Amino acid sequence: MIQKLSADERALQLRQLNGWQSVAERDAIERSLEFADFNEAFGFMSRVAIKAQEMDHHPEWFNVYNKVRITLSTHEVNGVTVRDVELARFIDSIARQA
Ligand code: H2B
């Protein structure tokens with residue numbers, strides 16, 4: 001079974017990601033993004049959805065108009081794993097192009 005990241009490893013990964021932080025009340029990481037409008041936000045979400053489907057690893061997210069808040073956690077272990085880091089890296093890479 002996949003392993004949760006250690007506290008040290010998570011801290012290291014968070015420093016290398018862009019705008020991600022630990023969630024206070026549960027074992028997960030989150031990032032908030034803001035786009036020009038709904039069209040941009042939904043285009044971004046579509047790209048993340050395709051990646052998530054390829055990875056079989058899916059975000060929890062909340063969208064209102066141009067804002068998207070994403071929470072990543074690996075349900076299988078109820079914690080943060082390399083899968084979350086991989087998806088977070090992808091999100092950062094396409095957010096930069098936005
Ligand atoms: N997404 C996330 N975020 N965590 C998981 O553990 C997970 C998932 N597991 N997407 C996958 C799907 C699993 O439920 C299916 C059965 O492969």
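Residue indices begin at 1 and follow the sequence shown. The model shown is predicted, which means the values in this text are computed figures rather than measured ones. Both ligands and their constituent atoms are indexed starting at 1 by order of listing.
From the protein, the heavy atom lying nearest to atom 10 (N) of ligand 1 is His58 ND1, 2.8 Å.
Near Thr74, meaning under 4.0 Å from any of its heavy atoms, are these atoms of ligand 1: 4 (N), 6 (O). Proximity to Glu76 (heavy-atom distance under 4.0 Å) selects the following atoms of ligand 1: 6 (O).
For atom 15 (C) of ligand 1, the nearest protein heavy atom is under 4.0 Å away.
With distances taken over non-hydrogen atoms, the option nearest atom 7 (C) of ligand 1 out of His75, Arg83, Met55 is His75. The option with the heavy atom closest to atom 13 (C) of ligand 1, from among Leu87, Asn78, Asp56, is Asp56.
Atoms CG and CZ, from Asn66 and Phe35 in turn, are 9.0 Å apart once rounded to the nearest 0.5 Å. Taking CD1 from Ile94 and CZ from Arg89, the interatomic distance works out to 15.0 Å, rounded to the nearest 0.5 Å.
Within a 6.0 Å radius of CD in Gln3, other residues, nucleotides and ligands contribute 12 heavy atoms or fewer. Counting non-hydrogen atoms of other residues, nucleotides and ligands closer than 6.0 Å to CG of Asp37 gives a total above 12. Atom CZ of Phe42 has 12 or fewer neighbouring heavy atoms from other residues, nucleotides or ligands inside a 6.0 Å radius.
Checked by distance only, ligand 1 and Ser73 come closer than 3.5 Å through their nitrogen or oxygen atoms.
Residues Ile29 and Arg10 have side chains in contact (heavy-atom distance under 4.5 Å, counting atoms from C-beta outward).
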